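Here's the structure we're looking at; comments come further down.
Please read these numbers as outputs of a predicted model, since none were measured by experiment. Below, read A as the first sequence line, B as the second, and so on, with proteins coming before strands; counting in each chain starts at 1.
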Protein chains: 2
Amino acid sequence: MKENSVPEATVARLPLYLRSLVDMTERAVATVSSEQLAEAAGVNSAKVRKDLSYLGSYGTRGVGYDVEYLIYQISRELGLTQDWNCMIVGVGNLGRALANYRGFGSRGFRVAALVDSDTAKIGGRVGDLEIEDFEDLERIAKERQVSIGIITTPAAAAQGAADRLVSAGIHSILNFAPALIQVPDDVSLRKVDLSIELQILSFYEQRKAAFDSVRRARRLTGSAARSTRP
Amino acid sequence: MKENSVPEATVARLPLYLRSLVDMTERAVATVSSEQLAEAAGVNSAKVRKDLSYLGSYGTRGVGYDVEYLIYQISRELGLTQDWNCMIVGVGNLGRALANYRGFGSRGFRVAALVDSDTAKIGGRVGDLEIEDFEDLERIAKERQVSIGIITTPAAAAQGAADRLVSAGIHSILNFAPALIQVPDDVSLRKVDLSIELQILSFYEQRKAAFDSVRRARRLTGSAARSTRP
DNA sequence: ATTTGTGAATCGGTTCACAGCG
DNA sequence: CGCTGTGAACCGATTCACAAAT
């Protein structure tokens with residue numbers, strides 16, 4: 001049953017399914033069941049079926065899903081039948097690493113511009129791209145039809161970078177800076193925050209260490225073990 | 001009311017609160033209400049209160065929370081009163097960038113080792129660390145008491161890297177490789193996947209573009225606008 | 001016979017709204 | 001009076017379980 005509004009959680013899993021499906025074509029798999037796709041993507045099969053049902057009825061009962069066709073449908077849903085130009089704002093270690101990241105462009109994304117406000121960096125090159133002046137952001141974004149802004153500035157500069165991206169008419173932003181940034185309602189913002197991820201791991205690591213030490217002390221081997229896993 | 005089991009969603013927000021609180025001490029703020037902290041962290045105040053209530057009753061009714069004391073309690077809960085040693089597996093662009101990332105170590109995390117299987121890289125240096133042989137991973141992890149493994153290998157090598165980290169007794173892994181990896185139940189695994197983030201943005205970007213073009217075509221300015229936002 | 005697609009049940013998490021306390 | 005802490009209501013997402021399809 002085709003409808004609009006795919007749940008957010010489903011959208012976040014579609015890229016996972018897509019990756020698994022692409023892997024399968026490389027191993028010349030033609031058809032896949034929800035069970036097999038679930039296994040490959042690391043989820044359960046009910047979730048796969050429900051997720052795919054939001055896109056339409058693309059499976060065949062008793063058979064499964066045609067891999068190629070499903071790749072096409074998911075790609076279309078995700079907007080990957082066109083290319084998207086990205087601009088990296090802030091060319092430090094991370095910005096440079098992302099600019100060089102191969103397989104970034106592999107699925108429809110292209111780094112079209114690098115900007116920085118450090119005059120010592122402007123004019124320098126990363127791969128075949130020149131580092132340009134942050135002040136020219138709006139012009140560059142318009143000229144190169146940039147749709148996605150990637151912020152890799154220090155935390156203190158992140159909000160300013162976001163403001164300029166928004167004023168350049170960009171409404172999709174990926175923020176790597178360890179800072180909360182505010183954008184208008186019509187702008188999509190996603191964040192990747194290394195230190196937050198490490199802190200989350202630290203929480204569970206600590207909990208495991210505590211539990212282990214209790215176990216060691218009490219010599220209890222397999223009883224009343226309340227789960228310590230996320 | 002103090003209990004065990006802090007919900008996963010709460011754990012993921014504690015680092016956010018912590019960052020906001022640290023910012024506040026720098027601006028010499030002594031006390032904060034759930035309303036103010038919510039604003040700073042970009043969530044709502046009911047969530048702040050409920051989240052903090054899982055840690056204990058650390059607020060004062062009619063007053064708010066003591067900033068310093070709350071920093072201490074959250075840090076303790078997150079296991080940040082001790083330092084954690086990390087090992088980066090795979091020293092490509094991204095591994096190198098993370099190794100150089102300042103403010104990484106700022107809150108209790110230290111890059112204690114870099115390993116790679118490329119003999120051309122082994123023996124090289126990144127900052128003050130030497131790149132060591134992937135084959136020596138277990139020994140290095142033990143010697144330096146590494147608790148957290150960070151995978152920045154190509155996708156094809158990621159599972160192998162994870163297996164070796166697990167066999168070295170590490171049970172916290174942060175995976176940057178664009179690949180699904182399997183780990184035992186007692187290992188915490190978090191993933192950061194650039195291309196998935198971009199694909200999610202692409203989905204919403206496409207949806208916005210579609211809506212905009214309808215708007216442009218029909219010249220409707222403010223009616224019956226079904227939400228297009230995540 | 002097999003596997004999809006989906007209502008219904010369930011679960012975790014969010015928000016509401018107010019009692020309880022400083 | 002103001003703000004926390006928390007039951008209760010609510011909501012989105014997950015899982016169950018089975019009827020429908022081939």
Can you measure B:Y65 atom OH to D:dG2 atom C1' for me and round it to whole angstrom units?
13 Å
Between C:dT14, D:dT14, D:dG5, which one does the side chain of B:S53 approach most closely?
D:dG5
Restricting to nitrogen or oxygen on both sides, can you table the protein-nucleotides 19-22 of chain C pairs closer than 3.5 Å?
unit_1: C:dG20; atom_1: N2; unit_2: B:R61; atom_2: NH1; d: 3.4
unit_1: C:dG20; atom_1: N3; unit_2: B:R61; atom_2: NH1; d: 3.0

Please check if the number of heavy atoms outside A:E39 that lie under 6.0 Å from its CD is greater than 12.
no
When rounded to the nearest 0.5 angstrom, what is the spacing between CG in B:D163 and CG in B:L137?
11.0 Å
Check DNA chain D against residues 34-50 of chain B and give the residues with a non-hydrogen atom under 4.0 Å, in numerical order.
B:S34, B:R49, B:K50
If you assign each of B:G64 and A:P7 to its closest nucleotide in DNA chain D, which residue comes earlier from the 5' end?
B:G64
To the nearest Å, give me how far apart CG (B:D51) and C1' (C:dT14) are.
10 Å
What's the CD-C1' distance between A:E8 and D:dC11, to the nearest Å?
13 Å
Of the options B:Y65, B:Y69, B:Y72, which is the one that meets B:Y58 in a ring-ring contact (aromatic ring centres under 6.0 Å, His included)?
B:Y69
Tell me the closest heavy-atom pair linking A:L180 and B:G42, and the distance in Å.
CD2-N, 3.7 Å
Is any side-chain heavy atom of B:V187 closer than 4.5 Å to a side-chain heavy atom of B:L165?
no
Within 6.0 Å of CD in B:E35, more than 12 heavy atoms from elsewhere
no
Can you check the B:Y54 OH to C:dG13 C1' distance for me, whole Å?
8 Å
A:I74 and side chain to side chain contact (heavy atoms under 4.5 Å, CB included): which partner among A:D51, A:V22, A:L52?
A:L52
Return the value, rounded to whole Å, for the distance between atom CG of A:L55 and atom C1' of C:dG5.
13 Å
d(CG, A:D66; P, C:dT4) in whole Å:
13 Å
Protein-nucleotide distance (B:R13, atom CZ; C:dG13, atom C1'), rounded to Å
8 Å
Are A:V48 and A:Y17 packed together at the side-chain level, in the sense that at least one heavy-atom pair is separated by less than 4.5 angstrom?
yes
Heavy-atom pair with the smallest gap, counting every atom of A:A161 and A:V89
CB-CG1, 3.8 Å
May I ask you to say whether A:D83 pairs ionically with A:R110, meaning some side-chain N is under 4.0 Å from a carboxylate O?
no
Computed from five pairs at either end and rounded to 10 degrees, the angle between the axes of the helix from C:dA1-D:dT22 to C:dG22-D:dC1 is 0°
Under a plain distance cut-off of 3.5 Å, with no hydrogens placed, do B:E205 and A:S188 share a side-chain donor-acceptor pair?
no
